[in-house]
Amino acid sequence: MKASPAAATDPVRLLHDAGLRVTPVRQGVLAILGKSKTPLDVPALLAQLPAQTDAVTVYRTLNTFTRKKMVHRVRGEERSWRYALGQASEGPEHQHPHFVCEQCGRVECLASAEVPTALAKAMKVDRGYAVHYTEVIVHGQCVRCR
Ligand SMILES: [Zn+2]
Ligand SMILES: [Zn+2]
């Protein structure tokens, strides 16, 4: 049985699977991230949430989602966290590099690219360290800025 892409990003379903209560902010954040093609930071999320939404609640919600491995985060040029659905560090099939554009600041999930599973080994990370995953951020000019 294969879940359809729509079901995989259904906010209520995601919250249920994570054992979280369904709240308007949680539901809203997941719905926006589900529709977004790029990872979003908190100001970008707030711009799409109802006007009275509390920023602190959004930060707290994203921390919960990160802890529950429902989202992954990546830092942009200006060092603010941006969030995307799915877990970049869980299983090699979900590991993808991110791209940060030096010109427009756009951050993208390079979903069709892969982080080689043996990368930490290739970098000769000392065996004393337990490597959980390797984060790769590619910097340059995005397709739109080239
Ligand atoms: Zn760009
Ligand atoms: Zn990503």
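Order of listing sets the numbers, starting from 1, for every ligand and every atom in it. The first residue of the sequence shown is numbered 1, and numbering continues consecutively from there.
- Inter-residue side-chain proximity for Val56 and Arg60 is flagged as met; some heavy-atom pair is nearer than 4.5 Å.
- The closest side-chain heavy-atom distance from Leu33 to Leu45 is below 4.5 Å.
- For the pair SG of Cys101 and SG of Cys104, the angle at the Zn ion (ligand 1) is about 110°; rounding is to 10 degrees.
- Contact between Asp41 and Trp81 at its shortest, heavy atoms only, is CB-O, 3.3 Å.
- For the pair NE2 of His98 and NE2 of His72, the angle at the Zn ion (ligand 2) is about 100°; rounding is to 10 degrees.
- One N or O on the side chain of His72 and one on the backbone of Gly86 form a donor-acceptor pair closer than 3.5 Å.
- Rounded to 10°, the angle that NE2 of His96 and SG of Cys109 form at the Zn ion (ligand 2) is 110°.
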